[in-house]
Amino acid sequence: MPPTLASVVRNSSLHLTVLAGADHLERQVRWVHTSELDDPTPFLEGGELLLTTGIKLGRTTAQLQAYVHRLADAGVVGLGLGVGLSHTEVPQPLVEAAQQRGLPLLRVPEPTPFIAISKVVSAALAAEQYEAVTTSFEAQEELTRAALGKDGTTAVVRRLAARLGGWAALYDGSGALSVVAPDWAARRAGRLAAEVDRLRRRPAPSSAALQGRSPGIDTADEDYVVVQSLGADRRARGFLAVGTEDRITPTERYVLNAAVALLTLTLERSRELRQAEERMGAALLRMVLAGEVVTARQVAVGLFGGMPEGTIRVLVAGAGPNADAAEALAELGDRAEQAGARVGEKLLVAREDGAHGPRLMVLALDNGAVHRACLGAVEEHEGLSLGVSAPAALEEAGTAHAQAERALAVALRGGRRSVDHEEVGAGSLLPLLGEDAVTAFAEGLLRPLREHDRTARGDLVASLRAWLSRHGQWDAAAADLGVHRHTLRYRMRRVEELLGRSLDDTDVRMELWLALRSGEE
């Protein structure tokens, strides 16, 4: 701790007497400055113990009061007046002004040189700096040993909390609480979800300080909290929060920074390991999709302890043309893996560059933690869409993957966040086709009929729609139109002439019906 006025006064070799401001002696002294100027404030930074013999203080009450006010406003922590030269005793108006402003005023006897006070403070400051450096090295060594041991991140968090005399919490990249120490702090750490989420949306590294009654902190706790994102490439891999009863000291700040660096290195090292695991997992997923389930199961037992068992779903994520696809898909993959890790749920993940941009494939349990995490993640990312297969057995993963791809195509074209295969199967064929392509096809195919309807008698488009909807039944279609069936037959022959196609051809009927329906979507 830095020296305080109280520790300086207690030094018996200085023979100092407190004349005013005795209630404020716990103020920390950052330096000792000697000045005989009537206004030394331009040369002060705050935190100084100012020493003077009072040569230019003036003699009037107004002058002495003005002098005290200038020092107090400049952040001077104390004033020492040396007697025996300009003043035989400390002027009473100076004492009264200092008492009024709460500025500690010390009487320095003539035998005590100012240099002696400076030496006492300098020695204390040097001791503080030495203690800070020593403590920092000890803390770094202790935290480093913890990081290299078993459950390194957990050990670092626990040692950090003990070093700070408070609590510490580690959150994963999604903002979920993963480690907290001591255990009783879980409730306090849990209330920081909103602040962690704000940092998650900012480039790493970044931090936030919450004091006392700040948002996210229970007013009954009155903690001083610092939240720091952990990451080396602008993307947060996790978050560290610490809470202490008092503000963090410079020495404690060194300890906190050491913990941040170690946790960042640990997470980055874990990330490299995860990337290797992801490559192996992606290879396994492709084996499963190719139908080599038996071999994939045998390999997965040694690598990951097994594969998802039971009913699964395949989820395929992609991004629209204006979205930051790589970043969004990477975070989605992280969220899926973190969700699985929290509950011990197996999953397979693969990232690849498809014909329509990057894709993320996830094979996970139906309605499990990973499935739910992916659905939640896409809701948070503008431009990110997710296609979800129908529930399936692992042996049917290839079919499920095709279903998810089709569902994703519908989601991307419709600007939707997620589409389930059941929605595709229960709906129309039209959403599966490119909207622009269908529109252009329909306009080109039906243009001769629409031009005829604008310039001649007979509504050929409406007649064709009625006839196709009745599956070529002349009487029923004519009744729907309110015309004679001979009139309808004439119109259909005219349609064939204008289009140059036979309505007896099933493919022609299908194309015409698709063109007519596209105008209704």
Side-chain angles (χ1 to χ4, degrees), residues 146-158 170-180 230 237-238 263 265-317 329-352 359-377 386 388-401 404:
L148 295 175
K150 186 179 180 181
D151 298 327
T153 54
T154 300
V156 169
V157 171
R158 289 175 177 168
L170 182 66
Y171 308 78
D172 63 24
S174 69
L177 183 62
S178 57
V179 181
V180 63
L230 307 172
R237 308 291 176 186
L263 289 172
L265 288 173
T266 301
L267 292 176
E268 291 296 330
R269 183 179 61 185
S270 299
R271 180 172 67 93
E272 293 177 358
L273 178 61
R274 286 199 306 272
Q275 287 175 341
E277 292 176 341
E278 285 174 7
R279 289 191 289 271
M280 292 185 289
L284 282 177
L285 178 53
R286 294 186 180 94
M287 290 176 64
V288 172
L289 297 181
E292 301 177 23
V293 177
V294 175
T295 304
R297 274 201 172 104
Q298 293 172 345
V299 175
V301 170
L303 290 176
F304 305 112
M307 294 181 63
E309 297 294 341
T311 304
I312 58 96
R313 290 203 191 226
V314 175
L315 303 90
V316 179
L329 292 175
E331 183 169 344
L332 176 60
D334 288 347
R335 293 278 291 273
E337 292 169 355
Q338 290 159 1
R342 283 196 294 271
V343 298
E345 180 180 314
K346 300 289 191 302
L347 74 157
L348 294 176
V349 179
R351 296 176 176 86
E352 62 179 16
R359 292 285 189 267
L360 177 77
M361 295 183 293
V362 179
L363 188 151
L365 292 177
D366 176 31
N367 201 34
V370 175
H371 181 184
R372 296 193 300 272
C374 290
L375 292 175
L386 185 71
V388 184
S389 75
L394 190 62
E395 289 73 15
E396 302 168 330
T399 300
H401 176 241

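Along the sequence shown, the residues carry numbers beginning at 1.
- Counting heavy atoms from C-beta on, the side chains of Glu337 and Asp334 come closer than 4.5 Å.
- Here the CG atom belonging to Leu360 is positioned 12.0 Å from the CD atom belonging to Glu331, to the nearest 0.5 angstrom.
- The line from CG of Asp172 to CD of Gln338 is 4.0 Å long, rounded to the nearest 0.5 Å.
- In this structure, Val316 and Ala404 approach most closely via the heavy-atom pair CG2-CB, 3.6 Å.
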With side chain to side chain contact (heavy atoms under 4.5 Å, CB included) as the criterion, how do Met307 and Lys346 come out once you've worked through the C-alpha distance, each side chain's angles and the decisive distance to 0.1 Å? CA-CA 6 Å; Met307 294 181 63; Lys346 300 289 191 302; 5.7 Å; no

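- Checked options Leu347, Val370, Leu394; the residue passing with Leu363 is Leu394 (criterion: side chain to side chain contact (heavy atoms under 4.5 Å, CB included)).
- Shown here for Val288 and Ala397, the closest heavy-atom pair between the two residues is CG1-CB, 3.5 Å.
- One distance of note links CE of Met280 with CG of Leu285; it measures 14.5 Å at 0.5 Å rounding.
- Contact between Glu345 and Ala364 at its shortest, heavy atoms only, is OE2-CB, 4.2 Å.
- Taking 4.5 Å as the limit, every side-chain heavy atom of His371 sits out of range of all side-chain heavy atoms of Leu365.
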Is there a side chain to side chain contact (heavy atoms under 4.5 Å, CB included) between Arg297 and Glu309? Walk through the geometry before answering. CA-CA 10 Å; Arg297 274 201 172 104; Glu309 297 294 341; 3.1 Å; yes

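- Residue Leu230 holds its CG atom at 10.5 Å from CG of Leu265, rounded to the nearest 0.5 Å.
- Once rounded to the nearest 0.5 Å, the distance linking OG1 of Thr311 with CG of Asn367 reads 11.0 Å.
- Between the side chain of Arg313 and the backbone N or O of Ser389 there is at least one donor-acceptor pair closer than 3.5 Å.
- Side-chain atoms of Val156 and Leu170, non-hydrogen and from C-beta on, never get closer than 4.5 Å to each other.
- By the 6.0 Å contact criterion, CZ on Arg158 is open, its count of non-hydrogen atoms from other residues, nucleotides or ligands being 12 or less.
- Under the salt bridge (charged side-chain N to carboxylate O under 4.0 Å, His left out) criterion, Glu396 pairs with no residue, sequence neighbours left out.
- With values rounded to the nearest 0.5 angstrom, Leu329 atom CG is found 11.5 Å from Met361 atom CE.
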